[in-house]
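Remarks on the structure that follows.
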Amino acid sequence: MAAGNASCTDFTLRGLFGAGPAAGLVFAVISVIFLTALTANAAMILLIRAVARLHTPMYFLLSHLSLIDMLYISTIVPKMLADRLRGRSSISFAGCAAQHFLYLTLVGAEFFLLGLMAYDRYVAICRPLRYPLLMSRRVCWLIVAGSWLGGSLDGFLLTPITMSFPFCGSRDIDHFCEAPAVLRLACADTALYETVMYACCVLMLLTPSSVVVASYARILAAVHRMSSAEGRRKAFATCSSHMLVVALFYGAAVYTYMVPHAYHTPEQDKVFSAFYTILTPMLNPLIYSLRNRDVAGALRRALRRGSREAF
């Protein structure tokens with residue numbers, strides 16, 4: 001490896017590949033996941049834009065979720081794969097700060113967007129007559145802008161503080177430049193900052209998760225009162241995809257940022273980081289396309305039309 005030639009201000013990214021014969025297999029698996037995530041999310045965005053039936057607030061927000069996922073996985077994985085191919089694993093201080101900022105911003109934006117998508121489902125099921133007003137085009141853009149603003153505030157707040165600590169020992173980062181991994185290298189007392197970061201992350205998680213819990217509590221009550229079995233089935237089908245995505249993403253984030261570091265191990269951190277950094281952006285569009293009848297139907301029609309045009 002050429003990491004030994006790196007500047008003393010650089011960090012060394014160990015990545016997720018490890019050593020030995022399994023490293024090549026891990027590289028191939030992550031490459032496939034990365035390409036699948038980009039393809040699936042791009043297809044979701046193009047499908048939503050192309051099919052008039054999907055020009056609704058729910059799918060408008062879903063297309064922005066796919067955009068965030070594409071940017072999110074592209075912040076981490078291309079660097080990781082390129083380092084493996086080149087035999088280099090270093091990242092400059094500025095590069096690490098940029099990766100940390102983009103990572104926090106995109107994670108925060110996804111937190112808020114997923115929470116506000118639950119509000120969209122609440123309005124659609126519990127306030128259907130007021131849906132066009134409560135989820136107008138302007139409101140949808142405010143939701144998207146608010147999600148990006150909330151995420152970027154998190155990045156602007158935490159990145160300068162995280163990167164301001166002195167790093168006078170090892171500069172080996174277990175996987176990529178996220179706060180818990182970088183703070184392990186600091187040779188100063190980070191207890192106060194970790195407490196502030198913990199409070200910030202609790203706020204970042206509790207705000208959207210409160211919206212999710214409140215929205216779905218009202219949704220379940222409304223569904224329970226429905227007399228039509230078909231109406232109940234459709235309501236559950238509409239909401240189940242979103243709940244599954246929320247559970248996967250929030251669950252991994254709770255472990256990483258809210259479980260005390262004393263209960264973490266480097267191996268567990270790698271697994272959870274890989275899960276919500278690499279796997280979740282691939283799973284989100286697959287979950288929505290497989291569990292959503294409108295998306296699945298539009299995709300089948302688009303594929304049939306494409307196959308007829310090809311022949």
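Small disclaimer: the values here were computed from a predicted structure and weren't measured.
- Applying the salt bridge (charged side-chain N to carboxylate O under 4.0 Å, His left out) test to residues at least two apart or on different chains, the pairs with a partner in residues 65-80 are Lys79-Asp83.
- With sequence neighbours left out, the ring pair (Phe, Tyr, Trp, His ring centres under 6.0 Å) criterion links Phe60 to His64, Trp141.
- The side chain to side chain contact (heavy atoms under 4.5 Å, CB included) test applied to Thr36 returns Val32, Met282, not counting sequence neighbours.
- The salt bridge (charged side-chain N to carboxylate O under 4.0 Å, His left out) analysis of residues 90-105, with sequence neighbours excluded, yields no pairs.
- Judged as a side chain to side chain contact (heavy atoms under 4.5 Å, CB included), and not counting sequence neighbours, the contacts of Pro166 are Cys187, Ala188.
- Taking the side chain to side chain contact (heavy atoms under 4.5 Å, CB included) definition, one finds that Val211 meets it with Tyr119, Ser215, sequence neighbours left out.
- For Arg53, the salt bridge (Lys or Arg N to Asp or Glu O under 4.0 Å) criterion is met by Asp294, not counting sequence neighbours.
- Residues in residues 149-160 take part in these side-chain hydrogen bond (donor to acceptor under 3.5 Å, both in side chains) pairs, two or more places apart or across chains: His100-Thr159.
- The hydrophobic clustering, which links ILVMFWY residues whose side-chain heavy atoms are closer than 4.5 Å, places Ile125 and Leu133 apart.
- Listed by first then second residue, pairs satisfying salt bridge (charged side-chain N to carboxylate O under 4.0 Å, His left out) with a partner in residues 135-145 number zero, not counting sequence neighbours.
- Aromatic ring orientation, Phe156 versus Phe101: tilted (interplanar angle from 30° to 60°).
- To the nearest 0.5 angstrom, Phe176 atom CZ is 3.5 Å from Thr277 atom OG1.
- A search for ring pair (Phe, Tyr, Trp, His ring centres under 6.0 Å) contacts involving Tyr131 returns nothing, not counting sequence neighbours.
- Sorted by first then second residue, the salt bridge (charged side-chain N to carboxylate O under 4.0 Å, His left out) pairs that include residues 36-45, not counting sequence neighbours, number zero.
- Residues forming a side chain to side chain contact (heavy atoms under 4.5 Å, CB included) with Leu116 (at least two apart in sequence, or on another chain): Ile143, Ser147.
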